[in-house]
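Some notes on the structure that comes next.
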Number of protein chains: 2
Amino acid sequence: MKTMKKIATIGGGTGSYVVLSGLKKHPVVISAIIGMFDDGGSTGVLRRELKVMPPGDLRQCLVALSDSDHLLKDLFDYRFSEGFLSGHSLGNIIISALEKNTGSITGAVDIISKLMNITHNVIPVTLQGTTLCAFMKDGEEVIGQDNINKSFLISHLSKLELVPDVEINAHAQKAIIEADKIVINPGDLYTSIIPHFLVKGMKEALLQSRAKLIYVANLMTINGHTDNLTVGDHRKILTGYIHPRKIDYVVYNTAVPDEGLQLVCKEHNQHPVKLGDHDVGSGIGFVGEDLIDRKIYEKRRGDKLYRSLIRHNADKLADIIHEL
Amino acid sequence: MKTMKKIATIGGGTGSYVVLSGLKKHPVVISAIIGMFDDGGSTGVLRRELKVMPPGDLRQCLVALSDSDHLLKDLFDYRFSEGFLSGHSLGNIIISALEKNTGSITGAVDIISKLMNITHNVIPVTLQGTTLCAFMKDGEEVIGQDNINKSFLISHLSKLELVPDVEINAHAQKAIIEADKIVINPGDLYTSIIPHFLVKGMKEALLQSRAKLIYVANLMTINGHTDNLTVGDHRKILTGYIHPRKIDYVVYNTAVPDEGLQLVCKEHNQHPVKLGDHDVGSGIGFVGEDLIDRKIYEKRRGDKLYRSLIRHNADKLADIIHEL
């Protein structure tokens with residue numbers, strides 16, 4: 001019997017959701033390594049009130065990896081729209097309750113994985129609570145992922161840090177070292193993706209791993225964070241944080257979003273991330289394809305956060321990753 | 001193949017929990033008819049904030065009927081002890097979310113029954129929201145189950161009413177009419193048990209049913225509600241509310257609680273309900289047994305309500321009901 005390929009993915013909630021939804025249809029064993037940096041919305045309130053790890057990104061990835069018709073799926077995705085629970089995701093509340101009841105976020109994920117018949121692994125990148133902080137060139141400190149998301153970083157950002165310093169979850173470390181492929185998922189570059197590589201032991205694990213390292217570039221720029229950046233610019237910034245490990249492949253989108261969709265994105269100052277003239281080269285594989293999922297994701301009922309309306313086509317993306 | 005006996009039970013949360021836990025071990029089909037009158041604690045907050053039916057009693061009965069090692073059981077029983085969710089049962093929150101998401105409390109119960117592999121029926125006595133009101137002889141009105149629980153009723157109560165008037169759930173009506181046995185569970189007489197018979201169509205259904213009607217008397221009196229009442233007194237009061245239907249059997253406890261337990265109960269002015277000298281007679285079967293479960297139930301963590309520390313032995317009670 002041939003052993004199934006091991007794929008480790010690294011990312012936050014929404015981008016990982018898409019990658020995992022597609023990858024789970026292939027005969028692979030997935031270890032989804034999930035950021036523990038969210039402190040906004042429902043997740044932020046639960047973190048502060050219950051002293052728990054952030055449940056939101058985990059929830060999205062657990063739902064992505066569950067059977068599509070599982071009864072718990074709807075339940076996990078339900079968001080309250082009134083009263084004192086308004087804006088809270090039921091899945092977040094359940095994960096936090098299980099963390100309190102079992103004494104660890106790992107215990108919570110294990111129980112939900114069993115309940116949802118999830119055969120893949122969902123792994124918090126760290127088991128220690130921390131806060132993402134941005135130190136600006138003018139001396140300003142912006143504390144917390146949610147606040148940094150709302151801040152202007154371009155030519156202002158001096159340094160990103162996790163306070164306090166936290167160590168890599170041993171399971172995440174093992175998954176990275178043993179992986180055949182590692183995928184860095186699309187997502188907010190500075191607040192969802194890069195923070196993973198600030199976790200102590202993460203860069204070392206990447207370096208130890210013989211996996212192909214694949215980076216899936218974002219479809220759109222992020223207002224105040226990645227305006228005007230090309231695919232290659234994204235790669236370069238990311239490489240600065242994972243150095244000395246190199247990215248082997250960059251998967252990017254070549255299609256132009258429909259005009260209507262572009263208009264909506266423009267309102268949020270989001271513009272297509274394109275391949276720049278001088279991006280390709282230096283022994284890195286650049287794989288360009290039409291990767292746009294042509295469904296506008298409706299803002300979820302009761303959801304207080306703005307979510308990206310334009311997403312990767314999960315199946316196409318997974319096919320490419322699988323082929324590489 | 002012999003058809004299994006059909007047993008309908010009528011009651012609130014805690015008393016029904018005990019009866020159902022025992023009965024489910026017998027080869028019977030249970031229809032647990034559950035009161036929709038609770039408006040205190042976690043349930044009361046959810047009712048008011050989310051405009052839902054009271055989830056608490058349903059939750060206890062769903063847990064009672066689930067497999068004892070089901071992963072969801074612990075999750076349903078978990079109660080938060082800090083932050084804005086303090087005192088809330090996770091099961092209550094889940095039931096309410098499912099009611100909002102499916103549009104009906106029946107939809108919520110159906111999904112949970114499937115998730116928990118429950119083969120019996122859990123049926124809200126009514127699908128309409130209502131409030132239990134007590135009208136006192138001095139003209140005072142006490143509104144809500146929770147407030148009535150805290151009120152002194154003896155020689156003060158003039159009339160109990162549901163405001164607004166609500167009709168019996170058609171599934172409850174069918175279960176009662178088709179039952180071989182109907183069990184009125186132990187519980188707060190005036191606030192958990194009698195309100196069922198104030199629901200329009202309930203007395204008519206009882207009268208139409210050819211089932212044996214079994215009443216399980218409480219172990220202890222309730223402060224301000226049933227002080228000094230004998231087993232027969234309980235039966236008489238109840239009979240007044242189900243008239244013209246008659247009770248066929250009264251199951252009551254003959255054992256004296258251990259001294260330590262009695263002391264704790266005395267603090268809450270709870271005393272054993274005993275058979276009175278003139279209780280037996282008039283064609284009603286009185287079945288007395290040692291029915292005390294000799295475990296002191298610990299107050300649950302985070303639980304803001306006082307719960308009875310002395311309970312029926314579920315297995316003994318179920319054996320008796322099954323034999324009758």
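All chains are named by letter (A, B, ...) in the order of the sequence lines, taking the proteins before the strands, and each is independently numbered beginning at 1.
Both the backbone and the side chain of A:L50 come within contact range of chain B, each with at least one heavy atom under 4.5 Å from a heavy atom of that chain. When heavy atoms are compared at a cutoff of 4.5 Å, A:L72 approaches chain B by way of both its backbone and its side chain. Both the backbone and the side chain of A:I93 come within less than 4.5 Å of a heavy atom in chain B. Only the side chain of B:L85 comes within less than 4.5 Å of a heavy atom in chain A; its backbone stays farther off.
The number of heavy-atom neighbours closer than 6.0 Å to NZ of A:K6, taken from other residues, nucleotides and ligands shown, is 12 or below. The neighbour count for A:K73 NZ, taken as heavy atoms of other residues, nucleotides or ligands under 6.0 Å away, is above 12. Within 6.0 Å of the NE2 atom in B:H26, the count of heavy atoms belonging to other residues, nucleotides or ligands exceeds 12.
Distance NZ/B:K100 to OH/A:Y78: 6.0 Å, rounded to 0.5 Å.
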Practice problem: Check step by step if side-chain contact (heavy atoms from CB on, under 4.5 Å) holds for A:F84 and B:L46. | Solution: CA-CA 9 Å; A:F84 75 119; B:L46 291 169; 4.0 Å; yes
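Taking A:T102, A:I94, A:L98, A:D74 one by one and counting their heavy-atom pairs under 4.5 Å with chain B, the maximum is reached by A:I94.
Side-chain contact between B:L115 and A:L75 is present, with heavy atoms from C-beta onward closer than 4.5 Å.
Taking both residues in full, the closest heavy atoms of A:E49 and B:E82 are given as O-CG, 4.0 Å, listed atom of the first, atom of the second, then distance.
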